[in-house]
Amino acid sequence: MKYAAPRGTRDILPADSPLWQLVENVCRHYFTLYNYREIRTPLFESTELFTRSIGDSTDIVKKEMYTFPDRKGRSLTLRPEATAAVVRAGLENNLITADSLTKLYYLGPMFRYERPQAGRQRQFHQAGAEVFGSSDPLLDAEVIKLCVDLFKALGLKELEVSLNSVGCRNCQPAYRTAVQQYFRQHAKALCADCQARLLTNPLRILDCKEGSCQSFIEKAPAALDHLDQECRAHFDKLVGWLDAWQVKYRVNSRLVRGLDYYTKTAFEVVSRQLGAQNALCGGGRYDNLVEELGGKPTPAIGFAIGLERLIEVMNKLNLERPAEGPELFIATIGDAARQVGVQLLAEARSKGVSADLDYLGKSLKAQLKAADRIKAAHVYIIGDEELKKKTGLLKNMATAEQKEVPFDQLLAQSDHSCGCGDDCRCE
RNA sequence: GCGGCCAUGGUGUAGGGGCAACACAGCAGAUUGUGGUUCUGUUGUCACGGGUUCGAUUCCCGUUGGCCGCCCCA
């Protein structure tokens, strides 16, 4: 093969795209239902936007960004996530202000230079939402419920919502110290990775999957026990709202987010039907980010859904694929019949009936076969006999029934010309 | 960035130092103008580069890529 898709990228082929469209439509539907409005930002931004927001010491910034100089030497980076870009765009266009509530959603490709693995690609897609302007814990509950509702609508089961609070600028340092001190006592028993983490990022030890570390992790200080009063109250109210809405969750004091900007609420939705990369959705509150990027202090919360992973789970669900294929296939025999067929083809399309015909000069038999293969619902057959009577044969491909329908009757009832496609509800 | 396994038609697999096999899909036929079944035919630089060899698709090394795990994340 001379040319192949770059490592970690994938083509979404016609066989898969109906499922993608379904997922995208459901996402848009639920975001809209919750009154979020779409924002589309550039796929690349100035590098500094990401280093500032995500954090210099995070893996994303240290080794996963697609960074390149443009022709004038400015450093640009393909977006590894969307939150920073949404904040930038919101501030630049005056969408985000400290005294009003703004709800935004996005959907599109992100880029991270990582080793490809199940559920992880270098170009991947996220759908996400962000709310700016309120620190009400009801919003934390709302975004979590939004995720859960959306997944349920897609038929997902065996999901688990993990919930934690990582505190704020006030309580984070003390907790970090407590964790560090605790693990220092058991340093010799920890795995090699964790011994290194003890110095660089002790909170990460809580996330270790090594069996030998588990017993220590279980007894480690919990983030929730080290929250200051405000953070604790926020968490308690959030939990109260989730209970009120009957959203099930599991408090997981080991849940740590990998991006520096998170404060207070952190959550994740994981699926048991995925491998090691099992988080379908992750998010949390980031009350300091807007200010960090040059805005007035503005509380915010958001999340992102990994669409590849979502689709992987849906593929395992074995759900029925949406019907594909045109409504009408026009099969003709001979040049004169083709003339008529071409006219009907245009008429069908102008009336909103998806239609196609043969472009390969195939025999009638082969045309039928082609129509069958593309899953056409009906075939309209025109040959010499039909030309004389100005009446074609309309065949239902599912039932094999066939009846005579005059040329001028074929599309008489169809008048669907809005051009908005099969899912249209405008009539 | 680190480790394990792997690379053969479009897809899924067999094979083995000297005609590369099978299934499915695709395309074309099986006498006149009717799809799904059946039958026949057809579809490959055995990932790339180098080495060993009279000869490599097969053995060895490297590269690239894939899967899985670590790290991290969605």
Side-chain angles (χ1 to χ4, degrees), chain A residues 1-10 13 15 54-55 57-64 80-83 107 109-128 147 191-194 196-197 200-201 204 207-210 255-259 262 267-271 274-284 302-313 325 329 331-334 337 360 362-387 392-402:
Chain A
M1 195 71 60
K2 190 160 186 186
Y3 296 107
R7 185 164 161 84
T9 67
R10 194 172 287 182
L13 301 173
I54 297 168
S57 66
T58 59
D59 276 27
I60 293 180
V61 167
K62 276 198 308 198
K63 52 186 196 189
E64 294 175 2
E81 57 107 39
T83 301
L107 198 149
M110 309 292 159
F111 307 86
R112 290 183 201 173
Y113 192 94
E114 295 184 273
R115 185 97 181 237
Q117 191 182 320
R120 192 168 71 190
Q121 273 141 237
R122 290 183 173 179
Q123 176 174 339
F124 60 104
H125 296 79
Q126 288 186 334
C147 284
C191 70
D193 282 341
C194 285
R197 288 184 190 121
T200 56
N201 196 346
R204 282 264 151 241
D207 220 14
C208 181
K209 274 118 197 161
E210 199 68 39
L255 179 64
V256 186
R257 309 261 72 219
L259 287 69
Y262 283 109
F267 73 96
E268 227 171 56
V269 180
V270 302
S271 167
L274 291 171
Q277 314 302 325
N278 64 353
L280 277 176
C281 159
F303 69 88
I305 297 169
L307 296 186
E308 275 79 4
R309 292 179 192 178
L310 180 53
I311 279 170
E312 197 186 328
V313 175
F329 188 93
T332 62
I333 306 148
L360 298 172
K362 289 186 178 185
S363 66
L364 178 63
K365 185 192 183 83
Q367 290 183 58
L368 264 298
K369 197 173 179 178
D372 183 56
R373 207 168 61 77
I374 62 173
K375 298 192 180 96
H378 301 277
V379 175
Y380 192 63
I381 301 166
I382 309 169
D384 293 340
E385 293 291 306
E386 289 73 25
L387 279 176
L393 297 169
L394 184 65
K395 178 166 189 162
N396 181 318
M397 293 298 277
T399 62
E401 279 175 278
Q402 193 166 295

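A, B, ... follow the sequence lines: proteins, then strands. Residue 1 opens every chain. Computation of the quantities below employed the complete heavy-atom set of this structure, encompassing side-chain atoms and omitting hydrogens, waters and symmetry-equivalent molecules. Fair warning: this is a prediction, and the values are worked out from it, not measured in the lab.
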Nearest-angstrom distance from the residue atom CZ of A:R122 to C1' of B:rA74: 17 Å

Partners passing salt bridge (Lys or Arg N to Asp or Glu O under 4.0 Å) against A:E386 (at least two apart in sequence or in another chain): none

With sequence neighbours left out, write down each residue that passes side chain to side chain donor-acceptor pair (under 3.5 Å) with A:E64, or none if nothing qualifies. none

Sequence-distant partners of A:K63, salt bridge (Lys or Arg N to Asp or Glu O under 4.0 Å), two or more places apart: A:D59

With sequence neighbours excluded, what pairs up with A:A304 under the side chain to side chain contact (heavy atoms under 4.5 Å, CB included) test? A:Y106, A:Q126

Quick one: label A:A331 by what it contacts on the DNA or RNA (base, sugar-phosphate, nothing), any heavy atom closer than 4.0 Å. nothing

Distance, P atom - from B:rC5 to B:rC60, rounded to whole angstrom: 13 Å

Between B:rC48 and B:rU8, how many Å separate the two P atoms, rounded to a whole number? 11 Å

Tell me, please, which residues at least two apart from A:A398 pass side chain to side chain contact (heavy atoms under 4.5 Å, CB included). A:N396

Taking N or O atoms only and anything under 3.5 Å, show me the protein contacts with nucleotides 1-5 of chain B, one pair per line.
from	atom 1	to	atom 2	distance (Å)
B:rC2	N4	A:R115	NH1	3.0
B:rG3	O6	A:R115	NH2	3.3

How many whole angstroms separate atom CD of A:E64 from atom P of B:rC72? 10 Å

How would you list, by chain and number, every residue that makes a side chain to side chain contact (heavy atoms under 4.5 Å, CB included) with A:P116, sequence neighbours excluded? A:R7, A:R122

By side chain to side chain contact (heavy atoms under 4.5 Å, CB included), which residues pair with A:E312, not counting sequence neighbours? A:L274, A:K316

Please list, one pair per line, the donor and acceptor atoms closer than 3.5 Å that link side chains of residues 366-380 of chain A to other protein atoms, with sequence neighbours excluded.
from	atom 1	to	atom 2	distance (Å)
A:Q367	OE1	A:T332	N	3.1
A:Q367	NE2	A:T332	O	2.9
A:Q367	NE2	A:K362	O	3.1
A:H378	NE2	A:E327	OE2	3.4
A:Y380	OH	A:G392	N	3.0
A:Y380	OH	A:V405	O	2.6

Mind checking side chain to side chain donor-acceptor pair (under 3.5 Å) for A:Q117 and listing every partner two or more places apart, or none if nothing turns up? A:R120

Dot-bracket encoding per residue of RNA chain B, Watson-Crick/G-U cut-off under 3.5 Å, | denoting interstrand: (((((((..((((....[..)))).(((((.......)))))....(((((..]....))))))))))))....

Provide the distance between the two P atoms, one in B:rU57 and one in B:rA20, to the nearest whole Å. 11 Å

Per-nucleotide protein contact along nucleotides 26-34 of chain B, 5' to 3', at a 4.0 Å heavy-atom cut-off (B base, S sugar-phosphate only, - neither), is SSS----BB

Spacing of CD belonging to A:E401 relative to CG belonging to A:L394, to within rounding of 0.5 Å: 10.5 Å

